[in-house]
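Position 1 is the first residue of the sequence; numbering continues from there.
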Amino acid sequence: MSFTETTTTSWFSRLKGALIRIVIGLILVVACIWLLFWNEGRSVKTYRALVEGAGLVVSVDNSRVDPANAGKLVHVSGPVKPVGVPEDNVLGISAEGAAGLERVVEMYQWVETSRSETRKQLGGGEETVTTYSYNKEWKRDAVNSGNFRQAGHDNPQMPIDDASFFVPSATIGAFSVDGRAVARLGDERPIPLSASDATRLGEAAALGKPASVVGGQAIFSNNPQSPEIGDIRMSFTRSDIDSASFVGAQHGAGLVPYTTSNGRALFLSQAGLVEAPAMFDAAQSENTIITWLVRAGGLIGLFIGFVFILSILGVIADLVPFIGSIVRFGTTAIALIFTLLIGPSVIAIAWITYRPLIAVAVLAAGIALAAGILYLRRGKAAPAAAPA
């Protein structure tokens, strides 16, 4: 089901909105400049911490804890044994032998989607035609129907939320590791629920609807084949892991984050039996990926900020719609140019701050390359200018 709404925005209202976007754009540009600069520092500090750690780490036998290694950075690997059983104390579900347990709760809800088409009008105004559609879906997150444009699509509150449960700790031989850190490495598998489990869950959560099991999941509905708004679907997954590898500071019989000389906390973990060098290589690769993702996000944010700042020019030009389209194309190009100038410049300044030797070397290489090209061009031009 759907309905269509048509709204008209005057030129003066659009101009007011453009002024607000200028402020938002300025804030966004400043925030992204800071983000790009911070990201380079974070990347360098993480890189140096990992290099330092790779040079200090000691691989130890998991069969005994050597007091001589207290406070040192150690690498431990081996079979994992969870200490205790993860349990949902509210609903009475546990997972023997697992490191973690997750409760997944979905509710059948109304979901609103919209599609808009905007047409420019002579005089700078806009007419927007928006079509709102409403569908019923199973959703883990509560959908706030109070914000829907059309009344009559009300969602009730979630009667119970998702939750995660972990063992307090797990052992690798004689060493102890935080249970949450171990559970995150495990493979997740569904826990099939029985009819008696579903009945118990419904009573414990006071759902007040008939319980049934479909595909190992508990469904609380008068008709599971044709659910209604407010019906609940519940499932559980367990996290199992056979072996794992950790790098951290030895603290008693436990492993905790190690603080490097530049103040970074170092704690590495991987599923399986992984050698220390491979773990540090993986951490360096992850650091590189994060660095480039943040760079991309910062540049996109800069572009959006500049588009917001320049958007007022398009609004002014929209007094004649055809001219407004041309101006917006031009301001978008200008925003892109500003982004490509300022973004890399901020990164370059950060490199000079955090990596002065590398920055100077790159700059020197660039100058040398430019000088070489100029010299060759002059050398070719000289014979051409010589008299015949």
Side-chain angles (χ1 to χ4, degrees), residues 45-89 93-103 163-191 236-290:
K45 290 177 182 178
T46 301
Y47 170 81
R48 290 174 177 169
L50 290 171
V51 170
E52 178 183 333
L56 295 175
V57 67
V58 178
S59 293
V60 299
D61 186 353
N62 66 32
S63 62
R64 59 181 295 268
V65 177
D66 188 350
N69 290 325
K72 293 182 179 180
L73 185 66
V74 299
H75 163 258
V76 180
S77 63
V80 174
K81 182 179 180 181
V83 177
V85 178
E87 182 178 7
D88 183 342
N89 293 321
I93 298 293
S94 61
E96 184 72 33
L101 173 69
E102 183 177 12
R103 178 209 299 163
S164 297
F165 311 91
F166 310 97
V167 292
S169 63
T171 60
I172 300 179
F175 289 85
S176 176
V177 185
D178 178 67
R180 184 185 297 264
V182 173
R184 288 172 178 168
L185 300 176
D187 295 324
E188 293 188 353
R189 296 185 301 164
I191 300 176
F236 289 84
T237 60
R238 56 182 291 156
S239 175
D240 293 292
I241 183 168
D242 296 324
S243 60
S245 303
F246 290 89
V247 171
Q250 180 176 310
H251 182 71
L255 295 179
V256 297
Y258 177 85
T259 304
T260 59
S261 59
N262 65 359
R264 308 294 285 186
L266 191 59
F267 188 84
L268 307 181
S269 61
Q270 278 189 245
L273 305 178
V274 185
E275 297 294 333
M279 295 183 69
F280 279 94
D281 288 343
Q284 289 287 18
S285 297
E286 180 182 352
N287 181 42
T288 300
I289 292 173
I290 293 174

Under a 3.5 Å threshold, yes or no: a donor from one side chain and an acceptor from the other, between S164 and R103? no
Give, for atom NE2 of H251 and atom OG of S176, the distance between the pair rounded to the nearest 0.5 Å. 11.0 Å
Check this for me, if you would: do D187 and R189 make a salt bridge, where the nitrogen-to-carboxylate-oxygen distance has to be below 4.0 angstrom? no
Nearest heavy atoms of V167 and G84, plus distance in Å: CG1-O, 3.6 Å
Which atom of A283 lies closest to which atom of L268, heavy atoms considered: CB-CD2, 3.9 Å
Flag yes if more than 12 heavy atoms outside N69 fall under 6.0 Å of its CG atom; otherwise flag no. yes
Would you call F246 and D178 a side-chain contact if the rule is heavy atoms closer than 4.5 Å? no
Full working for side-chain contact (heavy atoms from CB on, under 4.5 Å) between V182 and I241: CA-CA 8 Å; V182 173; I241 183 168; 3.6 Å; yes
Would you mind reporting whether V76 and D61 have side-chain heavy atoms less than 4.5 Å apart? no
How long is the straight-line distance from OG1 of T46 back to CD1 of I290, given to the nearest 0.5 Å? 8.0 Å
Are the side chain of H75 and the backbone N or O of V274 linked by a donor-acceptor pair below 3.5 Å? yes
Nearest heavy-atom pair of P82 and A170: which atoms, and what distance? CA-CB, 3.9 Å
Would you please say whether a donor-acceptor pair under 3.5 Å links the side chains of S261 and E52? yes
Checking N62 side chain against I172 main chain: does a donor-acceptor pair fall under 3.5 Å? no
Could you tell me whether F267 atom CZ has more than 12 heavy atoms of other residues or ligands within 6.0 Å of it? yes
Shortest non-hydrogen contact between E102 and E188, atoms and distance: OE1-OE2, 3.9 Å
side-chain contact (heavy atoms from CB on, under 4.5 Å) between L255 and V74, intermediate numbers included: CA-CA 8 Å; L255 295 179; V74 299; 3.5 Å; yes
Using side-chain heavy atoms (C-beta onward) and a distance below 4.5 Å, is R264 in contact with T259? no
Is there a side-chain contact between T237 and I191 (heavy atoms, below 4.5 Å)? no
Mind checking the OG1-CG spacing from T260 to L50? Nearest 0.5 Å is all I need. 8.5 Å
For D66, does its backbone N or O pair with a side-chain atom of Q250 as donor and acceptor, under 3.5 Å? yes
Any idea which heavy atoms bring R64 and F175 closest together, and the distance? O-CE1, 3.5 Å
Quick one: closest heavy-atom pair of A183 and S239, and the distance? O-OG, 2.6 Å
Sub-4.5 Å side-chain heavy-atom contact between L73 and L266: yes
Can you find a pair of side-chain heavy atoms, one from Y258 and one from L56, that are under 4.5 Å apart? yes
Might you work through the side-chain contact (heavy atoms from CB on, under 4.5 Å) test for D240 and R238, ending with a clear yes or no? CA-CA 6 Å; D240 293 292; R238 56 182 291 156; 2.8 Å; yes
For the CG atom of L273 and the OG atom of S243, what is their distance to the nearest 0.5 Å? 4.0 Å
D88 side, atom CG; F236 side, atom CZ - distance, nearest 0.5 Å: 4.5 Å
Donor-acceptor contact present, side-chain S245 to main-chain G272, <3.5 Å: yes
Contact check, side chains of F280 and V247, non-hydrogen atoms, under 4.5 Å: yes
Please step through side-chain contact (heavy atoms from CB on, under 4.5 Å) for the pair V85 and F165, ending with a clear verdict. CA-CA 9 Å; V85 178; F165 311 91; over 6 Å; no
So, taking the atom named CD in Q284 and the one named CE in M279, what distance separates them when rounded to the nearest 0.5 Å? 13.0 Å
If we only count heavy atoms from C-beta on, is the F166 to P86 side-chain gap below 4.5 Å? no
